[in-house]
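Structure first, commentary second.
Computed over heavy atoms, backbone and side chain alike; hydrogens, waters and symmetry mates excluded. Every chain is numbered from 1, with letters handed out A, B, ... down the list of sequences.
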Amino acid sequence: MPAVKIEDLPTVYNAKETEESIYKFWEEHEFFKADAKSPKKPYSIVIPPPNVTGVLHMGHALDETLQDILVRYHRMSGYETLWVPGTDHAGIATQNVVEKQLREQGLSRHDLGRDKFLEKTWEWANAHKSRILDQCKRLGASFDRTRERFTFDEGCSDAVKEVFVRLYEKGLIYKGAYIVNWCPRCQSAISDVETEYETEQGHLWEISYPLKGESGAIIVATTRPETIFGDVAIAVHPDDHKYSELIGKTVVIPLTGREIPIIADEYVDKNFGTGAVKITPAHDPNDFEVGKRHGFEPIWVIDEQGKMKACGEVPSNLHGLDRYEARKQIIGMLEYNHSLLRTREHEHNVGKCQRCGTTIEPLLSEQWFVKMKPLAQEAIKAVKDGRIKFIPERWEKNYLGWMENIRDWCISRQLWWGHQIPAYHNKQTGEMIVAKENPDPAIWEQETDVLDTWFSSGLWPFSTMGWPNTDSEDFKKFYPTTTLVTGFDIIFFWVARMITMGLEFTGKAPFSTVYIHGLIRDEKGQKMSKSKGNTIDPVVIIDKYGCDALRFTMTSLCTYGGQDIKISDERFEYGRNFANKIWNASRFVLMNLEGVDNNDIDFDKLTIADKWILNGLNDVAKEVNSNIENYRIGETAHILYDFFWNSYCDWYVEIAKIQLQDESLKLNTQRVLRYVLDMSLRLLHPIMPHITERVWQLIPQNTDFSAIMLADYPVYSDKLVFKDEAKEMELVFETIKSLRNLRQSFNIPMSLKFDIEIQAVDSEKPIFEAIESYIKRMAKVENITYSAATAPVAKKSATAVVSASKIVVSLENLIDFNAEIARQEKKLGKLQNERKSLEGRMNNPKFVSNAPEDLINQTKGRIEEILVQEDAINELIASLKA
RNA sequence: GGGUGUUUAGCUCAGUUGGUAGAGCGUCUCCCUUACAAGGAGAGGGUCGGGGGUUCAAGUCCCUCAACACCCACCA
């Protein structure tokens, strides 16, 4: 860093300038690069890879910040630290974006063909891959870009194939025809977790199916009349006597006249609708099961695009009609036919595609699945036996509940962008094999389906470390990773699958702690989304308030319970103001370091105030370490804010101004100022990396070091414990605050100095004498005199009762005696209330016998204290009234 | 249908083994005191959602009710 004149530093912190140059400094020195050969203990994190389609949003900003805090903290605490960055190829999402671009040119992917389309998508991915990670640099992310990965890069793809083949060989991957969630827009199957349900107001239609060869009919209630052409039976409950006589009879499907049987199946709910259900195995998961039980062949009537199939079962006037248009027409036809008996309003849940919002069509289709049940066993055990810990703990329950009821995972997607399934079909015989490589492309043709994007992200913690090569240096040093930081919204999508796959393929849990934070919401608590227009762009916030301000503000809003975080633009003023405070306090200290040596603090020359601040710093160091270790990041921010602003700036720096005037104290005060600033900066560095780095390097004595980010993180030290002095300083604070309060009460301007008389009890007199200079300067006192604690209070004065002593301000012409009496009575009232409540306790024999001794002594002590003060105030009031 | 979370000062929210409630913002007073007005000093403001219970003691533990939010399941 170039030399700067402290006097030239601006009075307002310039975040933008600082952050750019500081990040560049770190990068140039390769401080983020991890060393797999280091003897130090490892600490590693893999980033939840953002999608290549995305730009940085607030959720990333929070996630990345929390990871960076952990990484920076551990780096300073002596760990060899690796943070692996990377991005996700995001199958459907990316394909959708590229297709959308094509559409704007009036093209579809089929116009290009698979190869050409993939080429185009790769171009798109390559162009966007680094963009979001570059944006993360604005957040100060200290990740190792030399290890950047992509879920679709060569190494990850190799891991994907390896895993697929091994699972297949183990019998855990199978292919078969089942009902899947089909998105007619994406033209692909999607998994259960990719299906989101929304409550919609629909209708329940009651349709009459006439009996064959006799009068009468059975009435069926359905929400999907367009599927009647796919009906294979009508089912009723076996115990439903309403229908017992009809079981086994045949009915006729209205409109087409195809004949189907009435069957009995326990799946039917007697009390819902009419108690009779149409069975459409090709288009409903439950019906599929019923159909299988009764040996019916499914009949497809809706195609992959959600249109009525052009087949013999469907009346020709409906061929090719969209399912909803067809529904309308069918209702009309049934009405005309008198087959529609009743239409009722009906609220029900409708599945939607997570990626495009299109209503899912349950469709019988040939797909690839992973048997999750056998894999889940170990993944459940690992959490139950504590190999993996969730923070906050309640997410374990959520995870376990899901895992214990897990169903097979549909992993094939009818897309082009993704890992093509490593299965090959013999062009002549149709035989299928599964292998990492195609044995002979002339004979074997690869399966066209690709894998769910989460299949590759599920391998992320080890595929990024060189797996399947378990001898790779990174794998040996940094796997398993330490902490996974993410939001609760992807526990099932991602976390659960990483745990499953990690345990299956490496035998180890991929991380030991899963730190789940809340989601970022707007100021009304709404989820941020582009369509709602309520997003806040982190880059805009960084430009406006600075990165450290953003980080500090967000961090301070993190609660241990992981509550969602509501933010608005103005909230970032909190962090900005704090950064500015750090900046200006630092400027003050730096300006006053002239003539200081490089020596450590001389402990023999410490004043009471010095000891107090060192003691406080030490406590803070202890708490901060323990809070970060326990993922109480928000608390960490609050502790540091409070210490730096309310203790260091508001009190110690003000006191230091007095001590610096005293030649005998000056040098050591400078050292203390510097030391506490230095340590505070280190403590703050993980949260506010740029400003702390910048200021730290401006401290002349720190030129020996390379950077704060590599300096040691402060820890608790017995040498810095000064409990007695810390307690004595309370007298300083109380005295000064009382006098300030008094000033305000009587409208005495700060510019007007007054004299005080301290009526000190013997035990407190030496302390008052030691802190005289602080009182004089900070409460604007001219002269201090002492008298006995028992001395009568001068009549025309205002008095502050501090601890057991009285501080009398003679203000003959300035005070309104009635006001002073009122002021004292108010204080007296407060004290009396407190005493009464405490005495009530002490008079309760059960309290005395049950409460811990400490508390009893404390209560007794407090009562005595109050009594002393009450006496003093009563005396005062009496003399004022006299 | 099952589950989780929330309910504390005007607003946004902290409050880990139970020991007489805190912060930021906002409000009111005063102050440009030679680091900082993105600042300093002082003040006011809460029967901790309702009800019940355990306890010497409950914002904190238990039960119950209410409101709101979310997750899982998906009976046509």
Does D522(A) pair with K566(A) as a salt bridge, N-O distance under 4.0 Å? no

Nucleotide-level pairing of RNA chain B, given in dot-bracket where Watson-Crick and G-U pairs need both distances under 3.5 Å and | marks other strands: (((((((..((((.....[..)))).(((((.......))))).....(((((..]....))))))))))))....

At under 4.0 Å, does any side-chain N or O of H638(A) touch on OP1 or OP2 of C13(B)? no

Reading nucleotides 24-35 of chain B from 5' to 3' and marking B where a protein heavy atom lies under 4.0 Å of the base, S where only the sugar-phosphate is that close, and - otherwise, the string is S----B-----B

Salt bridge present between K352(A) and E194(A) (N-O < 4.0 angstrom): no

Close N/O contacts between protein and nucleotides 1-11 of chain B (under 3.5 Å):
{"unit_1": "U4(B)", "atom_1": "OP1", "unit_2": "K397(A)", "atom_2": "NZ", "d": "3.0"}
{"unit_1": "G5(B)", "atom_1": "O3'", "unit_2": "Q563(A)", "atom_2": "NE2", "d": "3.3"}
{"unit_1": "G5(B)", "atom_1": "O2'", "unit_2": "Q563(A)", "atom_2": "OE1", "d": "3.3"}

Using the C1' atom as the reference point in each nucleotide, state the distance between G44(B) and U7(B) in Å, no decimals. 25 Å

Provide the distance between the two C1' atoms, one in G22(B) and one in A67(B), to the nearest whole Å. 26 Å

So, using side chain to side chain donor-acceptor pair (under 3.5 Å) as the criterion, who are the partners of D564(A) when residues are at least two apart? R521(A)

Between the protein and nucleotides 44-47 of chain B, which nitrogen or oxygen pairs come in under 3.5 angstrom?
{"unit_1": "G44(B)", "atom_1": "OP1", "unit_2": "K826(A)", "atom_2": "NZ", "d": "3.3"}

Any donor-acceptor pair under 3.5 Å between the side chain of N349(A) and the base of C74(B)? yes

Between C71(B) and C11(B), how many Å separate the two C1' atoms, rounded to a whole number? 29 Å

side-chain contact (heavy atoms from CB on, under 4.5 Å) with H348(A): which residues, sequence neighbours excluded? T223(A), H346(A), V350(A)

Under-4.0 Å side-chain N/O to phosphate OP1/OP2 contact, T559(A) with A14(B): yes

C13(B) phosphate, OP1 or OP2, under 4.0 Å from K566(A) side-chain N/O: yes

Is the shortest distance from a Lys or Arg side-chain nitrogen in K389(A) or E396(A) to a carboxylate oxygen in the other one below 4.0 Å? no

Is any N or O donor-acceptor pair between the side chain of R576(A) and the base of A38(B) shorter than 3.5 Å? yes

If only side-chain N and O atoms of R407(A) are considered, is one of them under 4.0 Å from the OP1 or OP2 phosphate oxygen of C74(B)? yes

